[in-house]
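Below is one structure, written out as structure tokens, with a few remarks after it.
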Amino acid sequence: MRQAHILVALLSPEYISSRYCQLEYNLEMVRRAKCLKRVVGVVVRPCGWKATTAAGLKLLPEDGRSVPEWRSADAAFLDVAQGLGKLVWTVRTEMAKGAANPATPSVPSPRMPPHQS
């Protein structure tokens, strides 16, 4: 059975402006395009993520609002944890289906499930 890999990008002004982070991020996006990796962004601080390729991803917390934009940081991080939990569950379910049916590829889809509150 293949391992599913998930990249969690912690989006902040420093992350977006870091050459090293962008090189790593771009490499992971290539893997995502090949259905080898899932990529999820967590907006930890207000930043210009809408002008990056992260704009095409499902972002956490809900709707890509940064953690400080929430009334409570605890509520924001709970939303992040629940979103990541759903993603892990989805990937595990897809992997189990792939293992049960060898004709079906066990590589997870690059898209996250719809976010539900």
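Not measured: the values here are computed from a predicted model.
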Which pair of heavy atoms, one from [X] and one from [Y], lies closest together, and at what distance?
X     : Y     : answer
Met29 : Leu57 : CE-CD2, 4.1 Å
Ile6  : Val91 : CD1-CG2, 4.3 Å
Val80 : Leu60 : O-CD1, 3.8 Å

Rounded to the nearest 0.5 Å, what separates atom [atom1] in [X] from atom [atom2] in [Y]?
X     : Y     : atom1 : atom2 : result
Arg38 : His5  : CZ    : NE2   : 13.0 Å
Leu10 : Cys47 : CG    : SG    : 10.5 Å
Trp89 : Glu94 : CH2   : CD    : 9.5 Å
Thr93 : Lys86 : OG1   : NZ    : 13.5 Å
Leu23 : Tyr20 : CG    : OH    : 9.0 Å
Arg65 : Leu59 : CZ    : CG    : 12.5 Å

Is there a continuous path of hydrophobic side-chain contacts, each under 4.5 Å between heavy atoms, that joins [X] to [Y]?
X     : Y     : answer
Val40 : Met95 : yes
Val39 : Leu27 : no
Ile16 : Val67 : no

Quiz item: Taking the side chain from Tyr25 and the backbone from Ala54, do they hold a donor-acceptor pair closer than 3.5 Å?
Solution: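 Side chain of Tyr25 to backbone of Ala54, a donor-acceptor pair under 3.5 Å: yes, one is there.
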Self-check item: Asp79 side chain vs Pro61 backbone, donor-acceptor pair below 3.5 Å
Solution: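 Not a single qualifying donor-acceptor pair exists.
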Self-check item: Pair Glu28 + Arg31, salt bridge at N-O below 4.0 Å
Solution: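 Yes, Glu28 and Arg31 are salt-bridged.
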Quiz prompt | Partner of Tyr15 under side-chain contact (heavy atoms from CB on, under 4.5 Å), chosen from Pro13, Ser18, Ser12 | solution =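 When Pro13, Ser18, Ser12 are each tested with Tyr15, the side-chain contact (heavy atoms from CB on, under 4.5 Å) holds only for Ser12.
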